[in-house]
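Reviewing the structure listed below.
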Protein chains: 2
Amino acid sequence: MSTINDVSRLAGVSKATVSRVLSGSRGVKEASRLAVLKAVDELNYRPNVIAQSLLSQSTGCIGVICAQDNINQTTAYLYALEKHLSQSQKHLLLRFANSKAEVMSALDELTCGLCDDVLVIGARFPLHIDDENVILVDCVESATTTPNSIQFDHAFAAETACNYLISQGRRQIALIHPNSAAADQVLLGYKLALENNFLPFNRNLVFMDDTSSSVALQVLLNNATTLNFNALLVADEQEAQRVIPQLQAFNKTVPGDIMVFSLAGSLHLPGIPTIPAIEYSMDAMAAKIVAWLNEKTQSVLGSYRVRGDLIIPDVRKR
Amino acid sequence: MSTINDVSRLAGVSKATVSRVLSGSRGVKEASRLAVLKAVDELNYRPNVIAQSLLSQSTGCIGVICAQDNINQTTAYLYALEKHLSQSQKHLLLRFANSKAEVMSALDELTCGLCDDVLVIGARFPLHIDDENVILVDCVESATTTPNSIQFDHAFAAETACNYLISQGRRQIALIHPNSAAADQVLLGYKLALENNFLPFNRNLVFMDDTSSSVALQVLLNNATTLNFNALLVADEQEAQRVIPQLQAFNKTVPGDIMVFSLAGSLHLPGIPTIPAIEYSMDAMAAKIVAWLNEKTQSVLGSYRVRGDLIIPDVRKR
DNA sequence: CTGTTAGCGCATTCAC
DNA sequence: GTGAATGCGCTAACAG
């Protein structure tokens with residue numbers, strides 16, 4: 001690869017002039033400008049970004065550490081992020097990590113000048129990070145105050161879900177949710193929506209402990225006559241996919257008898273009817289992240305919560 | 001971030017000594033070695049990899065340009081690649097590209113010193129690349145001789161598939177394959193296996209034009225009585241998933257009446273019975289790639305073909 | 001308008 | 001053993 005010295009020599013000007021032509025390009029005599037351009041073209045010269053990085057103390061590389069177990073979700077993140085990053089002339093440096101130790105070691109390797117900032121995505125284990133240049137995205141909240149994090153607004157999701165279901169005439173809403181970090185938030189939103197709609201809270205409709213969703217649903221089904229529930233809130237699309245056949249096995253139609261609602265991601269598989277759901281736009285989230293990275297000096301991210309979109313199944317006949 | 005100057009000052013030695021301690025560490029007086037280590041620890045100093053890169057003329061970054069349309073396949077590639085790359089102290093720089101222009105532009109941005117080598121994965125459009133540092137992985141073959149490429153051995157896959165099916169007593173093997181770049185290879189392997197088993201080639205069993213697989217299968221089904229086929233070779237798992245319900249709709253049992261074989265990837269979804277298939281090990285492929293990257297100077301990759309593994313469904317009762 | 005100089009952070013000479 | 005000097009490729013400041 002040719003360097004700026006080769007170009008300056010061939011063009012018969014100094015390195016500085018070459019640099020000027022390629023960057024600002026202002027205040028250069030047309031003759032030498034042309035000479036430089038010609039030499040650049042002949043040598044197929046392109047400035048070495050590493051040398052530029054050394055000078056500017058920034059590489060334009062953003063590390064992305066994926067700690068996500070849901071592989072499909074990961075791809076959606078990556079695709080959206082890369083799209084926005086490359087639009088801002090930034091590069092996405094990818095790592096996978098499955099434990100706190102792996103995340104920390106990856107962080108170590110990336111923050112030695114290689115990456116300007118690092119995102120950690122989807123960690124389900126607590127992380128104790130105190131670095132201005134690290135953003136936790138969809139990670140469990142840690143005890144220490146992490147400077148920058150982005151989370152899903154689970155309370156908002158649950159509240160929206162309940163309000164939608166109630167608007168559809170479903171007033172007996174069951175809730176099955178694993179005891180994750182989001183559980184408290186979900187319950188909060190659930191209760192809030194019930195309150196606002198003057199509906200009583202029935203403890204028997206809610207399952208938030210560690211029992212499997214299958215068992216939880218079976219308890220609901222066994223007591224179906226007394227509970228009389230006509231809607232079911234589940235954590236995500238995978239749960240929904242598991243739960244619907246079980247309902248159908250007990251002659252419950254979906255959504256006729258029971259309307260199933262996914263609190264994270266809907267079902268788009270061909271042949272399977274779509275269910276109402278909250279969906280988080282990866283694209284919007286990526287846009288938010290990249291925007292913040294670009295104007296980092298001016299603002300503080302803090303603990304940002306993104307709200308999901310309500311997705312309603314298309315009931316029109318085709 | 002502290003630099004080597006800060007360390008040398010605090011330790012009371014020269015930069016050279018600091019560098020020696022952190023690299024070779026040989027031929028340094030124990031006293032100054034300790035002093036350096038202490039200063040390093042106090043300042044939390046870590047050598048700037050960008051400065052090292054400028055000196056060594058290599059960054060340890062490997063660009064990966066994904067041109068794959070199959071998003072699941074992409075994730076499998078990325079996961080395997082990243083795992084092997086990080087084991088070799090290399091970094092994976094990710095880009096997505098959907099056209100030749102996008103690939104070329106990405107290539108331009110990555111080969112200005114940022115990446116030592118670049119992989120292009122899954123491009124379904126012809127690429128004309130003449131760069132020693134670029135490897136085409138699972139891309140359509142280009143007219144010009146690309147220095148380095150890795151492809152799937154589709155002929156071997158088809159041959160293996162036929163031999164397996166024949167060993168299972170299936171002698172009337174239909175073949176539905178889109179008219180892709182791999183089509184010729186597939187047909188080659190198909191014919192070879194038939195020949196070797198002294199079976200006639202029946203043109204009516206083979207569909208390799210651009211008609212949809214659904215239509216092709218319907219033609220087969222309409223002529224089922226005369227064709228009497230008892231096995232069906234399809235391009236990949238998605239095709240298999242589309243084709244099986246169609247067969248069942250016409251009262252053909254799978255694999256009872258018709259044994260469906262996927263030439264690329266099997267079905268592992270819960271509830272759906274696994275079918276025999278050829279599977280390409282992403283892990284093995286990633287290992288091959290990274291091994292070559294590490295000893296690039298010694299050997300030439302050329303045009304390497306990986307052969308897939310035969311996956312046989314588990315017929316044991318659980 | 002343009003050339004010279006200095007320095008980004010580091011590792012590798014070469015003297016002492 | 002160790003320190004001073006050199007240069008990787010580039011840009012910014014300063015002189016002309």
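These numbers come from the heavy atoms of this one structure, side chains and all, not from hydrogens, waters or symmetry mates. Labels below follow one simple rule: chain letters A, B, ... track the order of the sequence lines, proteins then strands, and each chain is numbered from 1.
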Can you name the side-chain hydrogen bond (donor to acceptor under 3.5 Å, both in side chains) partners of [X], sequence neighbours left out?
{"X": "A:Ser281", "result": "none"}
{"X": "B:Arg9", "result": "none"}
{"X": "B:Ser88", "result": "B:Asn294"}
{"X": "B:Glu109", "result": "B:Arg95"}

With sequence neighbours left out, write down each residue that passes ring pair (Phe, Tyr, Trp, His ring centres under 6.0 Å) with A:Tyr45, or none if nothing qualifies.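 In terms of ring pair (Phe, Tyr, Trp, His ring centres under 6.0 Å), with neighbours along the sequence ignored, A:Tyr45 is linked to no residue.
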Ring pair (Phe, Tyr, Trp, His ring centres under 6.0 Å) partners for B:Tyr304, two or more places apart: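 For B:Tyr304 there are no ring pair (Phe, Tyr, Trp, His ring centres under 6.0 Å) partners, ignoring immediate neighbours.
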Just the table, please: protein N/O against nucleotides 2-5 of chain D N/O, every pair under 3.5 Å.
unit_1, atom_1, unit_2, atom_2, d
D:dT2, OP1, B:Ser32, OG, 2.8
D:dT2, OP2, B:Lys29, N, 2.8
D:dT2, OP2, B:Ser32, OG, 3.1
D:dG3, OP2, B:Ser14, N, 2.8
D:dG3, OP2, B:Ser14, OG, 3.0
D:dG3, OP2, B:Thr17, OG1, 2.8
D:dG3, O6, B:Arg20, NH2, 2.6

Taking any heavy-atom pair under 4.0 Å as a contact, classify B:Ser19: base, sugar-phosphate, or nothing.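 Here B:Ser19 touches the bases of the nucleic acid.
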Report the end-to-end axis angle of the helix from C:dC1-D:dG16 to C:dC16-D:dG1; each axis comes from five terminal pairs, and the value is rounded to 10°.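 Comparing the first five pairs with the last five, the axes sit 50° apart.
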B:Arg124 with B:Asp138: basic N within carboxylate O range, under 4.0 Å: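 Yes, this pair counts.
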Just how far, in rounded Å, is [atom2] of [N] from [atom1] of [X]?
{"X": "B:Asn48", "N": "D:dG9", "atom1": "CG", "atom2": "P", "value": "17 Å"}
{"X": "A:Leu22", "N": "D:dC10", "atom1": "CG", "atom2": "P", "value": "9 Å"}
{"X": "A:Ile4", "N": "C:dT5", "atom1": "CD1", "atom2": "P", "value": "16 Å"}
{"X": "B:Leu114", "N": "D:dC10", "atom1": "CG", "atom2": "P", "value": "14 Å"}

Selection: residues 50-63 of chain A, any non-hydrogen atom under 4.0 Å of DNA chain C: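 The answer is A:Leu54, A:Leu55, A:Gln57.
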What residues form a side-chain contact (heavy atoms from CB on, under 4.5 Å) with A:Met1, not counting sequence neighbours?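 Result, side-chain contact (heavy atoms from CB on, under 4.5 Å) vs A:Met1: A:Arg46.
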Using distance only, find each side-chain donor-acceptor pair of residues 33-42 of chain B under 3.5 Å and give its atom names and separation, not counting sequence neighbours.
unit_1, atom_1, unit_2, atom_2, d
B:Arg33, NE, B:Glu30, OE1, 3.4
B:Lys38, NZ, B:Glu42, OE2, 3.2

Other residues, nucleotides, ligands: >12 heavy atoms within 6.0 Å of B:Lys83 NZ: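 Open: at most 12 neighbouring heavy atoms sit under 6.0 Å from NZ of B:Lys83.
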Selection residues 73-123 of chain A - residue pairs positive for ring-ring contact (aromatic ring centres under 6.0 Å, His included), sequence neighbours left out: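 Residue pairs with at least one partner in residues 73-123 of chain A: A:Tyr79-B:Phe96, A:Phe96-B:Tyr79.
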